[in-house]
Visitor: 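One structure follows; several queries about it will come next.
Per chain, numbering begins at 1; letters A, B, ... match sequence-line order.
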2 protein chains.
Amino acid sequence: MATPSIKEVAHRAGVSVGTVSNVLNRPWIVAPDTRQRVQDSIRALGFVRNEAARHLRAGRSRTVGLVVLDVSNPFFTNLAEGAEALAYEHDTVVMLCNSKTDPVREGHHLDQLEQQRVMGILITPFDSADPRLQALVSRGTPVVLVDRAADSGLCSVSVDDQLGGRLAGNHLIESGHRRIAFIGGPFTMQQVADRRTGITTTVEKADGVELQLFEVDVMGVVEGRAIGERIAALPARARPTAAFLANDLLALGFLQAMSVAGLQVPRDMAIVGYDDIDFARAAAVPLSSVRQPAELLGRSAMELLQEEVEAADRHRHRQVIFQPDLIVRESSDYVRR
Amino acid sequence: MATPSIKEVAHRAGVSVGTVSNVLNRPWIVAPDTRQRVQDSIRALGFVRNEAARHLRAGRSRTVGLVVLDVSNPFFTNLAEGAEALAYEHDTVVMLCNSKTDPVREGHHLDQLEQQRVMGILITPFDSADPRLQALVSRGTPVVLVDRAADSGLCSVSVDDQLGGRLAGNHLIESGHRRIAFIGGPFTMQQVADRRTGITTTVEKADGVELQLFEVDVMGVVEGRAIGERIAALPARARPTAAFLANDLLALGFLQAMSVAGLQVPRDMAIVGYDDIDFARAAAVPLSSVRQPAELLGRSAMELLQEEVEAADRHRHRQVIFQPDLIVRESSDYVRR
DNA sequence: AAGCGGCATTTAGACGATTCAATCCACCAC
DNA sequence: GTGGTGGATTGAATCGTCTAAATGCCGCTT
């Protein structure tokens, strides 16, 4: 009843377990007729390899962990698809884990992955300085940071978030905005901090532009809507005329709040999001957004990991950085006099 | 250098491996000072349990596979979150796999999961009659169908898709539409077939209403846009005045195409989608949609699986069916005279 | 006929954790 | 002093697969 093992396959084929294993792993060294007999036996019994046993024996698994901040953010699922595409070619499996921007959940997933002795971990960490991450690495699990630059101690694949912030900032300032909101969070997250730094430096260089900061715990549609309501309720005089949001989910929620509050986008409020997810262009008012090459990020991260795993000793950590693009759509396409 | 094993922990603590294992699994039977010594040793060496070994010994893993049709569809990520929430409580891990509506990829994932001897599999299958699925089950892996009703041979959690189709159909007919398009695919997928049957029966009961069918390979934004362009190009006389799309991604793409083609929604074209994903209400024209309780689906499926795994022998397969709700928003809120 | 090379196959440990029967020891009762 | 009791600990077998070394076998050469 239970799944048959290699032993039963061997018995039925009248050979030893070693031979069966050879058929499975180096079929060419087995005599053709023996091979045939074994293969028949495998089929007849419905034998399925036991990955746990292989893994135990081999000492390393064929699974890669991918820990992202939010699976319901299309940015991360696109990223995951990129990673998985490459994994597929290397006959490895991707285990997608959702930390929900929660260090506790993140830690839990890392523990699980380490116990599974995964080949390696791709992670968009909540905090890349987390000592637990360091410990993980020092205990021998290769880690590649994704969407987050590492210092020389790790491989990483990221996008220049400060540039992203500057692009958005420049665009809004050039469009004549003088009160701009930056919305994102938590500010301790490097991605958010960098995007903020980017727009901050731009604003500081310009004369008479004020930047208002709004922090959220989680960057989802709901939070964007909430902040939007708060801002819409401000007296027009104090209210920013443009908002730069640290991701598109926030921006979409924010946009909804504007429409509910009866504010016109982009006339009363210009909006720029981040990530350029597919839904951005389908929004009520098509959303301007800073585009990141999500799939490429995932793919490159996996590439670096494969490299590290295979080269093992002579591997040098690398930090790959991509450039973001600003995509201007209707939501910010309005020049303020 | 390599991760230490239980043996080294035992040696350092001056006890046998059995004792270490006891500290890990039944700490209360170990004398307090011995326990302390072992725990210190564990900490000092940075010992991490080897899941592969545990699994091999135990014969069953603590992982559940979840195979969905499209991870970038928020419906499925919501569903995944529901499943994972429950898994978390049971100290099990969810492995999220993306079949991309491709039987080959689906098969590949099932193979991988079976090799890993997962506790069980939750799957939204491409084709629930697939003999491979049957084989999998007969070899002993518990399977629960998700978003897809099973016959008595399996547990399943689904939503009444025919009802969903009828709700959409009634709504559109009552709004005065006489030429309605149904768009989805592949038609061989049960969910799609049922939604279609639902609207078809409704249309047949009404006088003088015509239903036009459009089939797509994959239900994504891109495909929706393509079909939208095709339909927008029809002469107004032949063009349907309303479209019911088998998921929201299609609907969002379709909506975009309407706007590009200069057709007003809902006046020139009413639109009803399916799933009611978060983005539906944030769309250019807020989208009417048939809502499915995605998280609940995931949660319930996991519940059934846990039940099957634990009760083992005295388990009776159950088919849980939820009811969908029609959410009417602006995209179909227009009565045609 | 003995020896040898070469191929096909077998044998026998690992791998790391779990578990259960067996052992050990201290203490108490008689 | 003997036997018993019970709690703490140990030892050894086991899970399924892989692999390196060993064996067996055949035919060929010398």
Side-chain angles (χ1 to χ4, degrees), chain A residues 1-39 41-42 45-62 111-112 114-119 139-140, chain B residues 1-39 41-42 45-63 91 112 114-119 139-141:
Chain A
M1 198 74 266
T3 333
S5 78
I6 214 180
K7 200 193 276 177
E8 308 167 54
V9 172
H11 180 252
R12 185 180 216 274
V15 299
S16 75
V17 294
T19 301
V20 177
S21 178
N22 282 335
V23 171
L24 257 21
N25 300 301
R26 306 105 102 187
W28 57 91
I29 75 163
V30 179
D33 53 337
T34 314
R35 194 194 310 153
Q36 191 57 53
R37 218 149 16 98
V38 171
Q39 276 161 350
S41 169
I42 287 178
L45 293 173
F47 167 76
V48 176
R49 266 161 128 129
N50 183 326
E51 177 65 24
R54 300 185 74 187
H55 170 183
L56 173 60
R57 177 71 228 267
R60 49 115 102 187
S61 97
R62 288 159 46 250
D111 289 347
Q112 297 288 344
E114 191 179 10
Q115 289 183 17
Q116 292 186 45
R117 299 287 191 279
V118 290
M119 267 177 57
R139 268 182 256 117
Chain B
M1 199 73 268
T3 333
S5 78
I6 214 180
K7 200 192 277 177
E8 307 167 54
V9 172
H11 180 253
R12 184 178 216 275
V15 298
S16 75
V17 294
T19 301
V20 177
S21 177
N22 282 334
V23 170
L24 258 22
N25 299 301
R26 305 103 102 183
W28 57 90
I29 75 162
V30 179
D33 54 337
T34 313
R35 196 194 310 152
Q36 191 57 53
R37 218 149 16 97
V38 171
Q39 277 161 349
S41 170
I42 288 178
L45 294 173
F47 167 77
V48 176
R49 264 162 132 129
N50 184 324
E51 176 66 23
R54 301 185 74 189
H55 170 182
L56 174 59
R57 179 69 230 264
R60 49 114 101 190
S61 98
R62 288 160 45 252
T63 302
D91 191 33
Q112 296 290 344
E114 191 178 11
Q115 289 183 17
Q116 293 185 45
R117 301 287 191 279
V118 290
M119 267 178 57
R139 269 182 255 116
T141 305

Visitor: Dump every N/O contact between nucleotides 20-28 of chain C and the protein below 3.5 Å, one line per pair.
Guide:
none

Visitor: List in numerical order all residues of residues 27-36 of chain A for which some heavy atom is under 4.0 Å away from an atom belonging to DNA chain D.
Guide: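 Contacting residues: none.
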Visitor: Taking all non-hydrogen atoms of both residues, which atom of B:G46 and which atom of B:T3 are closest, and how far apart?
Guide: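 Smallest interatomic distance, heavy atoms only, reads O-CG2, 4.5 Å.
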Visitor: Holding to side chain to side chain donor-acceptor pair (under 3.5 Å), I want the full list of residues that pass it with A:N25, two or more places apart in sequence or in another chain.
Guide: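 With neighbours one apart ignored, the set is A:S21, A:R49.
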Visitor: Whole Å only: how far is the NE2 atom of B:H55 from the C1' atom of C:dC15?
Guide: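 Taking NE2 of B:H55 and C1' of C:dC15, I get 15 Å after rounding.
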Visitor: Between B:E114 and B:R139, does any NZ, NE, NH1 or NH2 come within less than 4.0 Å of an OD or OE carboxylate oxygen?
Guide: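 B:E114 and B:R139: salt-bridged.
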Visitor: Are any side-chain N or O atoms of B:R26 and backbone N or O atoms of B:V23, one a donor and one an acceptor, separated by less than 3.5 Å?
Guide: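 No, B:R26 side chain to B:V23 backbone: no donor-acceptor pair under 3.5 Å.
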Visitor: May I ask you to decide if A:V30's main-chain N or O and A:R35's side chain share a donor-acceptor pair within less than 3.5 Å?
Guide: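 Yes; judged by distance alone, with no hydrogens or angles, the pair exists.
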Visitor: Respond yes when some side-chain nitrogen or oxygen of A:S16 is under 4.0 Å from OP1 or OP2 of C:dT11, and no when none is.
Guide: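 No, outside the criterion.
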Visitor: Identify, with sequence neighbours excluded, every residue that meets side-chain contact (heavy atoms from CB on, under 4.5 Å) alongside A:A31.
Guide: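 Expected list: A:D33, A:T34.
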Visitor: Nearest heavy-atom pair of A:S61 and A:M119: which atoms, and what distance?
Guide: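 Reported closest heavy-atom pair: O-CG, 2.9 Å.
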Visitor: Hey, what are the protein-to-nucleotides 14-17 of chain D N/O distances that come in under 3.5 Å?
Guide:
| residue | atom | partner | partner atom | Å |
| --- | --- | --- | --- | --- |
| D:dT14 | O2 | B:R57 | NE | 3.4 |
| D:dT17 | OP1 | A:N50 | N | 3.3 |
| D:dT17 | OP2 | A:I6 | N | 2.5 |

Visitor: Might you point out which heavy atoms bring A:R62 and B:Q115 nearest each other, and give the distance in Å?
Guide: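 That would be NH1-OE1, 4.5 Å.
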Visitor: Side chains of residues 4-19 of chain B: which donor-acceptor pairs under 3.5 Å do they make with residues two or more places apart or in other chains?
Guide:
| residue | atom | partner | partner atom | Å |
| --- | --- | --- | --- | --- |
| B:S5 | OG | B:K7 | N | 3.1 |
| B:E8 | OE2 | B:S5 | N | 3.2 |
| B:S16 | OG | B:G18 | N | 3.4 |

Visitor: Going through the distances and angles, do A:F47 and A:L24 end up as a side-chain contact (heavy atoms from CB on, under 4.5 Å)?
Guide: CA-CA 11 Å; A:F47 167 76; A:L24 257 21; 3.8 Å; yes
